[in-house]
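Numbers restart at 1 for each chain; the letters A, B, ... are given by sequence-line order, proteins then strands.
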Amino acid sequence: MNKIANKQVICEVLMEKAKEDKDVVVLCSDSRGSSSLTPYADTYPEQFVEVGIAEQSLVSISAGLARCGKKPYAASPACFLSTRSMEQAKVDCAYSHMNVKLIGVSGGISYGALGMTHHSATDIADMASIPGMRVYLPSDRFQTRKLMEALYEDTDPAYVRVGRNAVEDVYTEDNCPFEMDKATVLGEGTDVAIIACGEMVKPAVDAMEMLKKEGISAGVLDMYCVKPLDTAAVIKAAEKAKAVIVIEEHTRIGGLGSMVAQVLAENCPRKMRSLGLPDAPVIAGKSQEVFDYYHLNADGIVAAAHELLK
Amino acid sequence: MNLKANSYRLRQDILDIIYRAKTGHIGGDFSVTDILNVLYNKVMNITPENFGSVDRDHFVLSKGHAVEALYAVLCQKGFFPREDLLTVSQYGSKYIGHPNNKVNGIEMNSGSLGHGLSVAIGMALAGKMDKRDYRVYVVMGDGELAEGSVWEGAMAGGHYKLDNLCAVIDRNHLQISGTTEYVMNQESQEERWATFGWHVISVNGNDVDALEKAFEEAKTVKGKPTMIVANTTKGCGVSFMANQAGWHHRVPTAEEYEQGMAELKAKEMAANE
Ligand SMILES: Cc1ncc(C[n+]2csc(CCOP(=O)(O)OP(=O)(O)O)c2C)c(N)n1
Ligand SMILES: [Mg+2]
């Protein structure tokens, strides 16, 4: 099992970029350790800014840096970054259109038993609803690298959410197809289309295999680009299938499921299930325990498929 | 340029903008007019010609509701034609009720109080990193100081010893609901900022000469950011608006417009003598 967390890959990419590009700046809010950015801070102290436990100024300062030609990456736990600094993300980054990359680490429920203060189960809804703010949830370490390399090349604001723990690989070093803002098609199915993002892509792939064995044709879309949502890919997959399942590590309100439902309703209505977290504080537990409790796993997807195809 | 006369000239433009648009924040515009006048016409190296470059001074109007004052100054500096002012707050106009960087001469969008100081800190940090010698200026309201985010910036500015940063508090003692001391006490700003590691200068913020001196002093300070506590009068320039909380965003009637214009014209003339 892979031991490298996606946030460590972010650190690796940023170190590579910082070496060649003096304008790359990483900012943390007493969060360099939790963001796995200590190696960066130690190696590039001149291109690192510590703001203390002050997530609002973390994001405003990033915007000011961007305005004067820097390429800032503000890294902080997703729970704080997406809510405490939401207005700074809205006004100073999105509205002023500054090249700030917000890196939300230990996102979703990866802080487990630390409670709702530490969960970012609303960050997709929070960030995606801001005009001009993009939202990305990469699925594994290989895709995280490709995404970070692509984001380095552009000059628009974006929010990236990654989890705390290492996650199983979906791709390999040599086989990680990636096109910016296009969902990665991991399989095409005529019965059910499964659309997933972030850490839910792996269980989606597992479910696809399980369903295949039962003779059910399933496909998977890795929708790491939650916004701008790859609507063409959603419509294409849905048109081919009888039903659609969306799975995400996020409340069912306003996340990927809601966004896909809107596309389906407007373009090609299909029976669908949106699997996500409840509108309530989640139970205590390690990530996998919490996912299993809410059926956010391969079994849960298979069960939803059975129900939809009944 | 006769700066003192120009402040009254600018106030006439502001009054025109607001009277025409039937919306605006005249009280805070008039208290900050002298500050903007001095900054743009004496202190800052910002022109329509160099605006596209990073190597010039930078400015953030954190009390974004005073945008009409900024429009008047920018227009006079030639950032956009005077006709554009006719569209302020009109349907489809980019000249809206708060700063917006679609407008030539404006760098950062504001309107939600409490952001500008930290944005300016980012700009100042970038200048230090790249060893550029530009300076960064930001103007806040005194009611704005109740925002917690201001104090995050206060800490960071002191911590990073940003001597290329000069912030200004438009200390007019008024906000929407009354005096700052009634709404939320803002006394002893000098001590507060000094404790956070800032060089503090207290001046009459409606006195262009005193302001110019303060900004010049700030340029000489090493190892600390400067906070200029500009003691102002809200509604400064028009007798019946001065020091009246109600004039925060009241729109003048025809008679008030005429009287206000007459007072401002008289003061401009007197200053020119
Ligand atoms: C975050 C935020 N809260 C509330 C407002 C609404 N508002 C606009 S101006 C104002 C009063 C500002 O007072 P002050 O900072 O003293 O400005 P001035 O007196 O210079 O007009 C308020 C509450 C706002 N623009 N932003
Ligand atoms: Mg005030």
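- Of the possible donor and acceptor atoms, none in the side chain of Arg67(A) sits under 3.5 Å from a partner among the backbone N and O of Met108(B).
- In this structure, Arg56(B) CZ and Cys68(A) SG are separated by 7.5 Å, a value rounded to the nearest 0.5 Å.
- Atom CG of Asn185(B) has more than 12 neighbouring heavy atoms from other residues, nucleotides or ligands inside a 6.0 Å radius.
- Within 6.0 Å of atom NZ in Lys161(B), 12 or fewer heavy atoms from other residues, nucleotides or ligands are found, so the atom counts as exposed in its surroundings.
- In plain terms, the two heavy atoms of Ser57(A) and Gly153(B) that are nearest each other are CB-N, 4.4 Å.
- Inter-residue side-chain proximity for Asn101(B) and Tyr95(A) is flagged as unmet; no heavy-atom pair is nearer than 4.5 Å.
- The local environment of CZ in Arg132(B) is crowded, with over 12 non-hydrogen atoms from other residues, nucleotides or ligands closer than 6.0 Å.
- When each of Val49(A), Ile53(A), Val51(A) is checked for heavy-atom pairs under 4.5 Å with chain B, Val49(A) comes out on top.
- Atoms OG and CG, on Ser112(B) and Asp92(A) in that order, are 8.5 Å from each other to the nearest 0.5 Å.
- Annotation: Asp42(A), atom CG; neighbour count of heavy atoms from other residues, nucleotides and ligands within 6.0 Å is above 12.
- For Glu50(A), the parts sitting under 4.5 Å from any heavy atom of chain B are the backbone and the side chain alike.
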Problem set entry | Verdict with reasoning, Ile61(A) to Val119(B), per side chain to side chain contact (heavy atoms under 4.5 Å, CB included) | CA-CA 5 Å; Ile61(A) 290 175; Val119(B) 170; over 6 Å; no

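- In this structure, chain A has no heavy atom under 4.5 Å from any part of Ala120(B).
- Once rounded to the nearest 0.5 Å, the distance linking CE of Met123(B) with NZ of Lys70(A) reads 14.5 Å.
- A side-chain donor-acceptor contact under 3.5 Å links Ser96(A) to the backbone of Asn109(B).
- One finds the CD atom of Glu152(B) at 9.0 Å from the CG atom of Leu58(A) (value rounded to the nearest 0.5 Å).
- The number of heavy atoms from other shown groups lying within 6.0 Å of CZ (Arg84(A)) does not exceed 12.
- Annotation: the span from Ser62(A) atom OG to Ile121(B) atom CD1 amounts to 12.0 Å, rounded to 0.5 Å.
- Side-chain contact check for His115(B) and Gln56(A): no donor-acceptor pair (N or O, by modelled atom type) lies under 3.5 Å.
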For this session: Under the salt bridge (charged side-chain N to carboxylate O under 4.0 Å, His left out) rule, what do Lys22(A) and Asp130(B) come out as? Steps first, then yes or no, please.
Result: CA-CA 9 Å; Lys22(A) 284 274 159 274; Asp130(B) 291 346; over 6 Å; no

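- Ranked by heavy-atom pairs under 4.5 Å with chain B, the first of Met98(A), Lys90(A), Gln88(A) is Gln88(A).
- Ranked by heavy-atom pairs under 4.5 Å with chain A, the first of Ala126(B), Ser110(B), Ala156(B), Pro99(B) is Ala126(B).
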